[in-house]
Visitor: 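Below you'll find the structure I mean.
Basis for what follows: all heavy atoms, side chains included, without hydrogens, waters or symmetry-related copies. Below, chains carry the letters A, B, ... as their sequence lines are ordered, and counting in each starts from 1.
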Amino acid sequence: MSPRTTPCKLLTIICEAQLENDLVDDLQRLHATGYTIADVRGRGACGVRDAAWPPSASIRVEVLCDERTAGNIVDHLERRYYAHYAMVLFLGDVAVLRSGKFTS
Amino acid sequence: MSPRTTPCKLLTIICEAQLENDLVDDLQRLHATGYTIADVRGRGACGVRDAAWPPSASIRVEVLCDERTAGNIVDHLERRYYAHYAMVLFLGDVAVLRSGKFTS
Amino acid sequence: MSPRTTPCKLLTIICEAQLENDLVDDLQRLHATGYTIADVRGRGACGVRDAAWPPSASIRVEVLCDERTAGNIVDHLERRYYAHYAMVLFLGDVAVLRSGKFTS
Amino acid sequence: MPFEPVILFFLLGLTAGIARSDLKIPGVLYESLSIFLLLAIGLKGGIELARHPVATLLPQALAVLATAAAIPLVAFPLLRRFGGLGRADAASIAAHYGSVSVVTFAVAAAWLAGRGIEAEGHLIVFLVLLEFPALMIGVLLARGAGNGTPWGRVLHEVFAGKSIVLLVGGLLIGWAAGPQGIQPLDRLFIDLFKGVLALFLLEMGLVAAGRLGDLRRAGPFLAGFAIGMPLAAGVLGALTGTLLGLSVGGATLLATLYASASYIAAPAAMRIAVPEANPALSIGAALGITFPFNLLLGVPAYHWLAGSLEGAFR
Amino acid sequence: MPFEPVILFFLLGLTAGIARSDLKIPGVLYESLSIFLLLAIGLKGGIELARHPVATLLPQALAVLATAAAIPLVAFPLLRRFGGLGRADAASIAAHYGSVSVVTFAVAAAWLAGRGIEAEGHLIVFLVLLEFPALMIGVLLARGAGNGTPWGRVLHEVFAGKSIVLLVGGLLIGWAAGPQGIQPLDRLFIDLFKGVLALFLLEMGLVAAGRLGDLRRAGPFLAGFAIGMPLAAGVLGALTGTLLGLSVGGATLLATLYASASYIAAPAAMRIAVPEANPALSIGAALGITFPFNLLLGVPAYHWLAGSLEGAFR
Amino acid sequence: MPFEPVILFFLLGLTAGIARSDLKIPGVLYESLSIFLLLAIGLKGGIELARHPVATLLPQALAVLATAAAIPLVAFPLLRRFGGLGRADAASIAAHYGSVSVVTFAVAAAWLAGRGIEAEGHLIVFLVLLEFPALMIGVLLARGAGNGTPWGRVLHEVFAGKSIVLLVGGLLIGWAAGPQGIQPLDRLFIDLFKGVLALFLLEMGLVAAGRLGDLRRAGPFLAGFAIGMPLAAGVLGALTGTLLGLSVGGATLLATLYASASYIAAPAAMRIAVPEANPALSIGAALGITFPFNLLLGVPAYHWLAGSLEGAFR
Ligand SMILES: Nc1ncnc2c1ncn2[C@@H]1O[C@H](COP(=O)(O)O)[C@@H](O)[C@H]1O
Ligand SMILES: Nc1ncnc2c1ncn2[C@@H]1O[C@H](COP(=O)(O)O)[C@@H](O)[C@H]1O
Ligand SMILES: Nc1ncnc2c1ncn2[C@@H]1O[C@H](COP(=O)(O)O)[C@@H](O)[C@H]1O
Ligand code: NA
Ligand code: NA
Ligand code: NA
């Protein structure tokens, strides 16, 4: 990888669309420097979520952040939402340009 | 990575939107525990697919699963669709929380 | 990973939707063999981009390519857009099927 | 035809969904149509409000709110004791049935209009008023008034929720602008109302088809509740309407409001305020059974009831 | 003006697309408009059906189905032998031209209405009937009746496909509810029809602009086919219509149906049933050439033809 | 009511946005409504054009273009010197205020119609003409005519931009088809115009609510500019209109055009042509202050002005 890139965590959250407002507040409070959201549909342990109407709509949230922030976010989401909401979390490794943008 | 996360495969499929119903059935049959779908547009070997009308719409399907399931899905898709449909597949490594959710 | 897959770079670009036409031309000129685009919203250094109207809409562009092409694209984007537009770039490693499709 | 023609669109959607047709109504169209319907209903209510002095409606409105509050308060212990449901699920279902369905109301109004039966216009004002109290009662039943309920959050969810904002906003605009001020907008909000309702019912049919699986899991008690509860609430509504001196049409609409179960505002509010509740149960019952039941059989039944009560009491 | 004004919207879209304008009609709007158009056409057909005893239409319908079946059966060997196309491609293109284009039909009907030319209302019923047989013929031509064709899958794709569900569903609703039952929906489905058609044509222009590249690759034979085939099919349609005793307007519409090529139902069905066929060929010809040809020149030509045949045969 | 009722929808959206309601108008609906509004305005203008010989409009049009060009040319040095803004930002803001807001124009036309005040129909033609020159001036101010400005790219962005394509396209269609040709489309494009405008204003209120943060950062000079500039431009417009012999209604509309700031075409063009400019400044001022100011206070003020000038000059 080019010397100008820096390793970074990419946390992806797939969850019910109704959580968007809360989640966005949580991310800000937990010092994520940004996030990206897409509308998605899918299936998982909570059944089919086909996005045909608001209660069955889902979102996919990506957060680029350092490892510590990622850990904090995962902890918080697991505590606050995991039990009662359709939610999946996964972490990947990427390399970002101008990493200053993604550390809090 | 935190000790609470487990390695997992992330299979991404980008293909014609019209395959969605079939694909979803295939994934269930091949023991994927879930999937996530987003509407996308793009360009590839089959030309521009701009999503301006249904025949040129594309979807992006993500499947979190173990390595064996990923292999089975890739084999099946390659056999059944790859020759005649616009389709791209790629595999990545991620770490999931509560991995029990993603092994069949 | 299965012997039929080959390592490949996955470059993800998140930027203002208005750049789409230009970006797509740039990618073609820089020998990307394809791309995939999704509509997204988010927040970053340039503030909230909520996609409620065209000036605040964002896109997420994925390009599967070899390392050299990825480097060229990153260089070009950084020079041409990074200073004045909301834009984030990151690189990941994936494994693709039929890698011939993704090298220029 | 015994029922309103727009119901046929619901049946078409239901059939297409069950047949796994590739007919899919985009989520964005659903949202656009529901914005239209909520705003149009609010505007109509506001125009009615501009015609009536608010003061004269106040006593009626209080009586309506008071009797309607009985619905979730009765439903909750029933669901707990006889349905064996947990506190959260019972409270959430009670809130759905205590609140109202805007679309059921609109179909009932169309059914009456199709038969030339008059009804008081200010029933729409009651529709708006009945939308939210049951949601608050539901949260109270699930959590109690005290410890740890994030009331600020819940109140925000209810009052800043899409349906309240559009209904109340439309009401205020209609009231402030009055019939003449709104008149240039009639081409969109009044003339197209029924056509848009038909499209929305097509979509609801598709959505309902996707809930049929949930229903099977819900079990026979909930299925019975989803028919018995609206009937009982319909009797209460028809009685209240008749005692308040409403016309037969007006009492029919009030009965329909009491009998209907919310599936726009309630699912949104309950998901945030009572996350432990399983949405498949409340939505499955409200949308999968009560909604079609009211469309096909309930409305004519409430009309018959209102007619009988009118005969009995006057 | 020699042609229908709504065609100008198609030309605007085409121009904007060729100029690489940033005007993009969101895919969701395309889907919403096509749901509207299919449902509205179905409803209109259903109202006509309610007016005619079905039995009297039956013989005409059978004759129309039988002669129309000739179109794909003739197109297939032509495309194979003279176009040098493979079995799958020839079959898929034959299916597109054997099926019908709802939008071309609507433009032809508007063209006639703009000139005050009457046409039998039940032509819409034929539109619905002609939508699918060619699709089945196409699959048969590509695969044969036997070995390994997933007929269940194919039949499901055709009959549970969006356009059949909406056309047939609208037909049944219009027929069951009758003219008075549908009347409150007229504000949406009838009054706005032509405006929505204009918006849809704007979008189709943008889509067609994106197919021009495919066309170049398709080669001169297919370009010739895309003009010769509709002309030949138009003659067959005008002849059939005249012999069945339709008015000049009715025969014009039947000719338009025969001449038009599907680009809603056929691409969807062929992609699933005959995946080896290259969709760029069939869609490029049907949408890039035949569709604008029919809009601009075909419809007036079929009308002239129908008039001449009427003079000759009666 | 002192202001147009449709403005209430803007206030509803603004309130919902500030209250962080979960009411969100999908981006696709925004695009669909803006396509509708631009096309409908263009069609109306085209019909007017078909009624007037183009030649008679030409001298007026040239005078209007010439005086309107003063707006960005005056705004630029003001913003540079007194606002302390950089070249790019000053040029971009000047372009926004030199161009026009289609929605402000539509609200002003509705305000006049609601009071029975006549206005020349061909003002719509001026609306279309005034849309783009200021954008070119803005680019010139930012970059100079020479070295390195990608003029091809910029011209394409302006003339192939969505709003010009739809406005000019609609104009040409309306002009080619004429009033009778367009008449079957009136049900959609004319009758629903005001209702769609109301929905669009609801959305703009939500969007404007999201810009209030930008405003705070913009500082007091820009806030003053966003009110003073439209007032000054409005005087210029009313004066020009009166001297050209327009009616009071026509002069009011011209003043509104001069006073309004673009937030559809200008942000798109400036983002590509002058990327160094901070869009938060120009959009915050144009949408967050000038747009509501014109809706609520500006239009009545320009009307009063036009009336006074008419008295003074004739
Ligand atoms: N195995 C999986 N692969 C990809 N996405 C998944 C998977 N499982 C769940 N999801 C997504 O996460 C959402 C919530 O999952 P769950 O909480 O398991 O219902 C689903 O609706 C899917 O969109
Ligand atoms: N190199 C690439 N990078 C990212 N996405 C691609 C690439 N190639 C193809 N795709 C996506 O996969 C779809 C199908 O690809 P293809 O089968 O190559 O036409 C395209 O429409 C794109 O959305
Ligand atoms: N830390 C982050 N994680 C995920 N997405 C981000 C992050 N920062 C920025 N983005 C996305 O990139 C876009 C542009 O970022 P920026 O240039 O920082 O404003 C934002 O609107 C987000 O969609
Ligand atoms: Na109720
Ligand atoms: Na045909
Ligand atoms: Na201006």
Side-chain angles (χ1 to χ4, degrees), chain B residues 11-32 35-63 72-90, chain E residues 13 16-17 20 23-35 88-89 92 96 103 150 153 156-157 160-163 200 202-214 216-217 262-280 282-284 286-287:
Chain B
L11 169 63
T12 304
I13 308 156
I14 301 167
C15 69
E16 305 188 15
Q18 237 198 322
L19 295 179
E20 180 166 336
N21 278 348
D22 287 342
L23 209 60
V24 154
D25 290 348
D26 294 344
L27 291 176
Q28 184 133 23
R29 204 163 354 90
L30 295 166
H31 307 298
Y35 55 83
T36 298
I37 302 182
D39 292 310
V40 297
R41 52 192 176 277
R43 188 172 63 79
C46 302
V48 173
R49 301 187 47 77
D50 61 5
W53 71 323
S56 76
S58 302
I59 53 173
R60 178 182 188 276
V61 186
E62 285 180 321
V63 186
N72 291 342
I73 296 173
V74 168
D75 287 348
H76 174 77
L77 297 182
E78 192 171 10
R79 232 181 7 253
R80 172 141 176 218
Y81 303 107
Y82 222 85
H84 298 308
Y85 294 99
M87 181 176 274
V88 155
L89 295 171
F90 56 90
Chain E
R20 291 197 71 197
L23 171 62
K24 286 197 181 97
I25 301 217
V28 168
L29 184 56
Y30 176 96
E31 287 186 58
S32 304
L33 297 178
S34 72
I35 289 171
D89 279 325
S92 167
H96 281 70
V103 172
R153 185 78 192 72
H156 183 267
E157 187 62 30
K162 183 180 75 171
S163 46
F200 194 77
L202 178 65
E203 165 108 42
M204 290 320 300
L206 286 165
V207 171
R211 305 291 120 196
L212 295 181
D214 293 345
R216 241 166 283 134
R217 257 170 285 149
S262 163
Y263 56 81
I264 294 185
M270 289 302 116
R271 199 77 196 100
I272 294 297
V274 191
E276 319 84 279
N278 177 1
S282 46
I283 294 177
L287 183 60

Visitor: Show the nearest heavy-atom pair for residues B:Gln18 and E:Glu157, with the distance to one decimal.
Guide: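 Looking at all heavy atoms of both residues, the shortest contact is NE2-OE2, 3.6 Å.
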Visitor: Identify which part of E:Leu29 has an atom lying under 4.5 Å from any heavy atom of chain B, answering side chain, backbone, both or neither.
Guide: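 No part of E:Leu29 comes within 4.5 Å of chain B.
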Visitor: Between E:Pro279 and chain B, with a heavy-atom cut-off of 4.5 Å, which part of the residue counts as in contact: side chain, backbone, both or neither?
Guide: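 Neither part.
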Visitor: Kindly assign one of parallel, tilted or perpendicular to the pair E:Tyr30 and B:Trp53, based on the angle between their ring planes and the thresholds 30° and 60°.
Guide: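 The arrangement is perpendicular - the two ring planes meet at more than 60°.
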Visitor: Is chain E contacted by the side chain of B:Ala51, its backbone, both, or neither, given a heavy-atom distance below 4.5 Å?
Guide: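 Looking at B:Ala51, just its backbone touches chain E.
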Visitor: Got B:Ser56 and E:Arg211 here, is their nearest side-chain heavy-atom distance under 4.5 Å?
Guide: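 The answer is yes; the side chains approach within 4.5 Å.
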Visitor: Looking at E:Arg153 and B:Asp22, does any basic side-chain N land under 4.0 Å from a carboxylate oxygen?
Guide: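 Salt bridge between E:Arg153 and B:Asp22, a charged N being under 4.0 Å from a carboxylate O: yes.
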Visitor: With only heavy atoms counted, which part of E:Leu287 is less than 4.5 Å from chain B, the side chain, the backbone, both or neither?
Guide: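 It is the side chain, since no backbone atom gets that close.
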